[in-house]
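Below is one structure, written out as structure tokens; the observations come after it.
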Protein chains: 2
Amino acid sequence: MEDVSVGGTRERILRAAEVLFADRGYVGTRLHEIAHSVGVQKASLFHHFASKEDLYREVLKYGYYETKLTIQGALDGAAPPLQKVRSLVEAYVDMVVAHPERTKMLVRQSLGDAPPGPGADEAQRVLGLVVEFLSEWRLATGSPPVDVHAVIVGVIGMVAFFFTSAPVLAPDWFSDPLNVDNVERVKRHVTSVVHNCLAAGLEAPLRAPTTAGAEVAMA
Amino acid sequence: MEDVSVGGTRERILRAAEVLFADRGYVGTRLHEIAHSVGVQKASLFHHFASKEDLYREVLKYGYYETKLTIQGALDGAAPPLQKVRSLVEAYVDMVVAHPERTKMLVRQSLGDAPPGPGADEAQRVLGLVVEFLSEWRLATGSPPVDVHAVIVGVIGMVAFFFTSAPVLAPDWFSDPLNVDNVERVKRHVTSVVHNCLAAGLEAPLRAPTTAGAEVAMA
DNA sequence: GTCTATATAGGGATAGAC
DNA sequence: GTCTATCCCTATATAGAC
């Protein structure tokens, strides 16, 4: 998988397409706009990609690839499991913050926006990594029968919703998804939820640090 | 606000449009499909609605209206607050299950799918109802400084994601959003999360009934 | 109030010069 | 590898008969 972060017209197209696909959806995005955003003519796109659908799939593939890297990175290493859970949440949130478009695209994809393609399989494989980790750990520690899938899918939904939909739904409270305070607030909340779910039956249930700053006035 | 559940061509158009808009998004939905689904000719739609955009807004307006009714219904009455919280979650989940299309549409809307219109204001007003209820209750009970907005927005995101995206993301675990077991599982999980968040500092932290049936094998 | 027929526009994709 | 010009199709919307 090639690095998309530097030069090359092909790469610049991919990056521009990601933003636009995320913002307007597959059908809502016009090739004209992508081309304009890159600074080339529409016809030039067809030299690099066979079709709009092909371009979309390439963008999506790269998104899944990096997501998988992020998750695996947090899962590898020898840290104690409970610490890993925290790293996982942090890494995931950081990735969402760093690439909001990508997350928006994945949400759209899961709404059934575009040609299914190979995307679904890839997503399930990434999900499987986390499920496996949590399941094994849960069995090892003998924590009560938590619905591991529910925890994970719930977290993905929560985080995605915070950064993609909350600015529209609750602009007075969460106007800027890139704001550092907002990011910290989400991390704290999500970590707290996960810990409560997983440690629900343990001796000393972990709580996320409940800072007073978490309090926010009504709009 | 007229009742949409019975006869009338206009009403049948609204219902068909809701399903299609939810499934394919605003741009992805063709007026031809809506007409075909109702069993009339495309041109007839323009007798009932001024434009595609007008039709979309009408559908959306009705969705917000019923959502508001649901929330208010759960909030009214004299039940003890902690019980109300549970009713709120149940009522919300039930509504999502009863009208998956509506929820999908609202998620799409919050992704920025369509002409903003009056929708955003309406959504914020509904959200405000819940924020107010939880905030007042939290102050009264003196529970620790929870981020009320985070809890609510998180729950909305979780539930929406379970029923709209999970079937695509984790089909082996959550293939059928209408399955009774799945619905119960979601309710249990969400209620548990909310209780843990709100009762985090109370004397006897409430836990949702953790049935053994919640456990699910890896796919 | 619903139909058939048509106007008008825009989007994806191709041809072929440079 | 990028451009201009163009083909072809589909989508929204309108006109006007019944």
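First the proteins, then the strands, lettered A, B, ... as listed; each starts at 1.
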- Query: Does a side-chain heavy-atom distance below 4.5 Å link Val148(B) with Trp137(B)?
  - Reply: no

Taken in chain and number order and not counting sequence neighbours, the residues that satisfy salt bridge (charged side-chain N to carboxylate O under 4.0 Å, His left out) with Asp176(A) are none

On DNA chain C, more 5' by nearest nucleotide between Gln41(B) and Leu31(A) is Gln41(B)

Rounded to whole Å, CZ of Arg30(B) lies from P of dA11(D) at a distance of 5 Å

Rounded to whole Å, NZ of Lys42(B) lies from C1' of dA11(D) at a distance of 6 Å

Whole-Å distance, His32(A) NE2 to dC3(D) P, equals 13 Å

To the nearest angstrom, the CZ-P distance between Phe46(B) and dT14(D) comes to 7 Å

**Prompt:** Relative to each other, are the rings of Trp173(A) and Phe162(A) parallel, tilted or perpendicular (30° and 60° limits)?
**Reply:** tilted

Separation of dA13(C) atom C1' from Asp54(A) atom CG, nearest Å, is 13 Å

Rounded to whole Å, the CG-P distance (Leu45(B) to dT14(D)) equals 13 Å

Residues 37-48 of chain A side chain polar contacts: donor-acceptor under 3.5 Å, at least two apart:
unit_1: Ser44(A); atom_1: OG; unit_2: Gln41(A); atom_2: O; d: 3.4

Next on the checklist: Any side-chain N or O of Thr9(B) below 4.0 angstrom from OP1/OP2 of dT2(C)?
Outcome noted: yes

Whole-Å distance, Tyr56(B) OH to dT12(D) C1', equals 17 Å

Subject >> Base dG11(C) paired with Lys52(A) side chain (donor-acceptor, <3.5 Å) >> reply: no

Practice item. For the residue pair Phe163(B) and Phe174(B), categorise the inter-ring angle as parallel (less than 30°), tilted (30 to 60°) or perpendicular (more than 60°). Key: perpendicular

* Does His48(A) have a side-chain nitrogen or oxygen under 4.0 Å from the phosphate oxygens OP1 or OP2 of dT2(D)? -> yes

From CD of Glu33(B) across to P of dT10(D) the rounded distance in Å is 13 Å

With the side chain defined as heavy atoms from C-beta on, Ala43(A) is closest, among dC3(C), dA13(C), dT4(D), to dT4(D)

Closest of dA13(C), dG1(D), dA5(C) to the His47(A) side chain is dG1(D)

Phosphate OP1/OP2 of dC3(C) contacted by Ser44(B) side-chain N/O (<4.0 Å): yes

